[in-house]
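Order of the sequence lines fixes the chain letters, A, B, ..., with proteins taken first and strands second; residue numbering starts at 1 for each chain. All heavy atoms count here, side chains included; hydrogens, waters and symmetry mates do not.
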Number of protein chains: 2
Amino acid sequence: MFDWDDIRLFLAVSRTGTVRGAAKQLSLTHATVSRRLHQLEEKLGTTLFDRTSTRHILTEAGQNILETAQEVEAGMARIDRMAFARDSRLAGLVRLSMLDSLYLAIVQPFLGRFQARHPMIEIELITTDYLSNLAQREADIVVRITKTPPDSALGRKLADSPLACYAAEGYLADRPKLDRWIALTHEPARQPILSARTVLTANSLIIARDHIRDGLGIGLLPCFLGDQTEGVTRMPGIDPIPDMEIWALMHPDIKNVPRIRSAMDFLYEIFDEQRVLIEGSAY
Amino acid sequence: MFDWDDIRLFLAVSRTGTVRGAAKQLSLTHATVSRRLHQLEEKLGTTLFDRTSTRHILTEAGQNILETAQEVEAGMARIDRMAFARDSRLAGLVRLSMLDSLYLAIVQPFLGRFQARHPMIEIELITTDYLSNLAQREADIVVRITKTPPDSALGRKLADSPLACYAAEGYLADRPKLDRWIALTHEPARQPILSARTVLTANSLIIARDHIRDGLGIGLLPCFLGDQTEGVTRMPGIDPIPDMEIWALMHPDIKNVPRIRSAMDFLYEIFDEQRVLIEGSAY
DNA sequence: ACATAGCGGTGCAATAATTATCCATGTTTG
DNA sequence: CAAACATGGATAATTATTGCACCGCTATGT
């Protein structure tokens, strides 16, 4: 029988399409991935990928086993979660995935309170741009800004996150025509100012915020960010757009793990306390 | 994430109950199994087994993941079979599991014909006493003497295998009282001679046959074996017992593999040719 | 047309895993 | 009750695996 662990490499290559990409995902070198992939193919007696010059493409045999390999992966992830769920200590690591801007604005100022309450729990902040996979336990808790929380995950709505239109404080006096627009990649074409030309599209809220603050244009920002930023004001006459919601999500399998529950409770608490600020209703 | 291959060790230990037994199954040393098991437990953050002095017993955590681990194992076996199913050569290995006595009596005399027909196909005979697992591909084809073929497997009935009562040729003249009985472990208490005392119970047909031939007692044998044995005759006045059937079985996933199909066809053929002999209807 | 960046494969040195062996302990057996 | 057996763990020698550097190749952009 083949080495079961090689199925993980097979999946990584099938997803990334390249041996080097898979190696990066798995924290290995491409040499190792290449060798073990060949070894797997030899053991199975079948070639799993067509090696084109640019990328690895699944052969028919590879497509055949792909679905089963994914089921196996889900099973392995389940084993991981079930073992994790038995950890009853109020100690250890909690991996929290959320936007860095949201973390900085809402969570970070009160983190000391959490640390005082649970000194043995360590928080790891994950701010990758892609959505961390709860099933694979890439993160324990994901705070996501979304309209449609997935019902496979378990969690609670923390707050609304309306968008408002911001400009640098001196901007309006200098450029009454409002012709320069800073857009968010996440918010395609939600542009209340009719005639403005988009001069920048950023996928980072922080970058967009900084550009707006520096007077390079106007644009939408979540209230929790814009209202907290020095040198930036809301555009008068434009009401906030009720838009996204902020959800804290975790996998059902780990909901009873004490440290996860503590971290969740803490999130509920601090978002509740800062609701007025987040939802921008003070203005 | 833990090494997926370690789940295989976990399953082997949970089945055998000992690290050494698992190591034997997996063709490893007990040191390797022990070390990797500890490594898995450390990665999962849970202890999987209670180490008693005699055997490893699953902890609650171990029981929790056992079922999922078995699903994962089934998936891996499926991947193995699906890859195997793509081998379109009329060459390679066919692993055949059957009783050695049946093989010697029926298959072996005609094996030359198969080899002449398919010179590149190699037959491996597996005569373990436990039933080879088709799903795990411990054997490709299992010939089983049974009353109830499992419907999860695919195959065909090759023949009936009635039992008849045999004695050494001089036996009846010497010992008209028929008081010594040679029994088969597989056939508990199927004893047509009323007053005989069981003097030997053998799990090997060959052993039982040899004892009967050597005049140590009388007993039941499948006709294919007894009728072929020099120096042994059926007891007069006792009709053969229609009893078991001989089935050739394979896993549905590999039914279209050419060399498996060839081997199956060969089995059908030679059992058909020797039906009279196997079913003992010539007497 | 040329340079560049990214790709997968290969040889070699370093590292990690596996084996073989010994040991202590507890259990079964005569 | 002693002795033989089997178990899991620990340690040194061997073996296998990995990472690194380099290679030739292709696609792409200047």
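- Looking at heavy-atom distances under 4.0 Å, A/Arg36 makes contact with sugar-phosphate atoms alone, never a base.
- Note: CG (A/Asp5) to C1' (C/dA17) measures 14 Å, nearest angstrom.
- Protein atom NZ of A/Lys24 is 18 Å distant from nucleotide atom C1' of D/dG19, rounded to whole Å.
- Applying the 3.5 Å distance criterion, the base of C/dG6 shares no donor-acceptor pair with the side chain of A/Arg55.
- Whole-Å rounding puts the B/Asp50 CG to D/dG8 C1' distance at 15 Å.
- In terms of polar N and O atoms assigned as donor or acceptor, the side chain of B/Arg20 comes within less than 3.5 Å of the base of D/dG8 in a complementary pairing.
- Judged by distance alone with a 3.5 Å cut-off, no donor-acceptor contact links the side chain of A/His56 to the base of C/dG8.
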Query raised in the report: Could you walk me through whether A/Leu9 and A/Leu28 pass the side chain to side chain contact (heavy atoms under 4.5 Å, CB included) check?
Result: CA-CA 10 Å; A/Leu9 307 202; A/Leu28 296 169; 4.1 Å; yes

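- Annotation for B/Gln39: atom CD counts as buried by contact number, over 12 foreign heavy atoms lying within 6.0 Å.
- Regarding contacts with the backbone of D/dT7, every side-chain N or O of B/Ser53 stays at 4.0 angstrom or more from both OP1 and OP2.
- Note on A/Arg51: only backbone sugar-phosphate atoms sit closer than 4.0 angstrom, heavy atoms only; bases stay farther off.
- Residue contacts shown for A/Thr29 include a base, since a base heavy atom lies under 4.0 Å away.
- Around CD of A/Gln63, the count of heavy atoms belonging to other residues, nucleotides or ligands within 6.0 Å exceeds 12.
- Remark: C1' of D/dG9 and CD of B/Gln39 are 16 Å apart, rounded to the nearest angstrom.
- When the side-chain nitrogen and oxygen atoms of B/Arg35 are compared with OP1 and OP2 of C/dA17, none of them lie within a distance under 4.0 Å.
- Set against C/dT19, C/dT18, C/dG8, the side chain of B/Ala31 has C/dT19 as its closest nucleotide.
- Set against D/dC22, C/dT19, D/dG8, the side chain of A/His30 has D/dC22 as its closest nucleotide.
- Comparing A/Thr54 and A/Leu28 by the nucleotide of DNA chain D that holds the closest heavy atom to each, the one mapping nearer the 5' end is A/Leu28.
- Heavy atoms of B/Thr32 sit under 4.0 angstrom from at least one base atom.
- To the nearest angstrom, C1' of D/dA16 lies 12 Å from CG of A/Asp3.
- Between the CD atom of B/Glu41 and the C1' atom of D/dG9 there is a distance of 14 Å, rounded to whole Å.
- Side chain of B/Glu71 to backbone of A/Glu71: no donor-acceptor contact under 3.5 angstrom is found.
- Summarising the geometry, the separation between CD1 on A/Ile57 and P on C/dG8 is reported as 12 Å, rounded to the nearest angstrom.
- Between A/Ser97 and the options A/Ile141, A/Leu125, A/Ile126, a side-chain contact (heavy atoms from CB on, under 4.5 Å) holds for only A/Ile126.
- Among C/dT18, D/dA27, D/dG9, the nucleotide with an atom closest to any side-chain atom of B/His38 is D/dG9.
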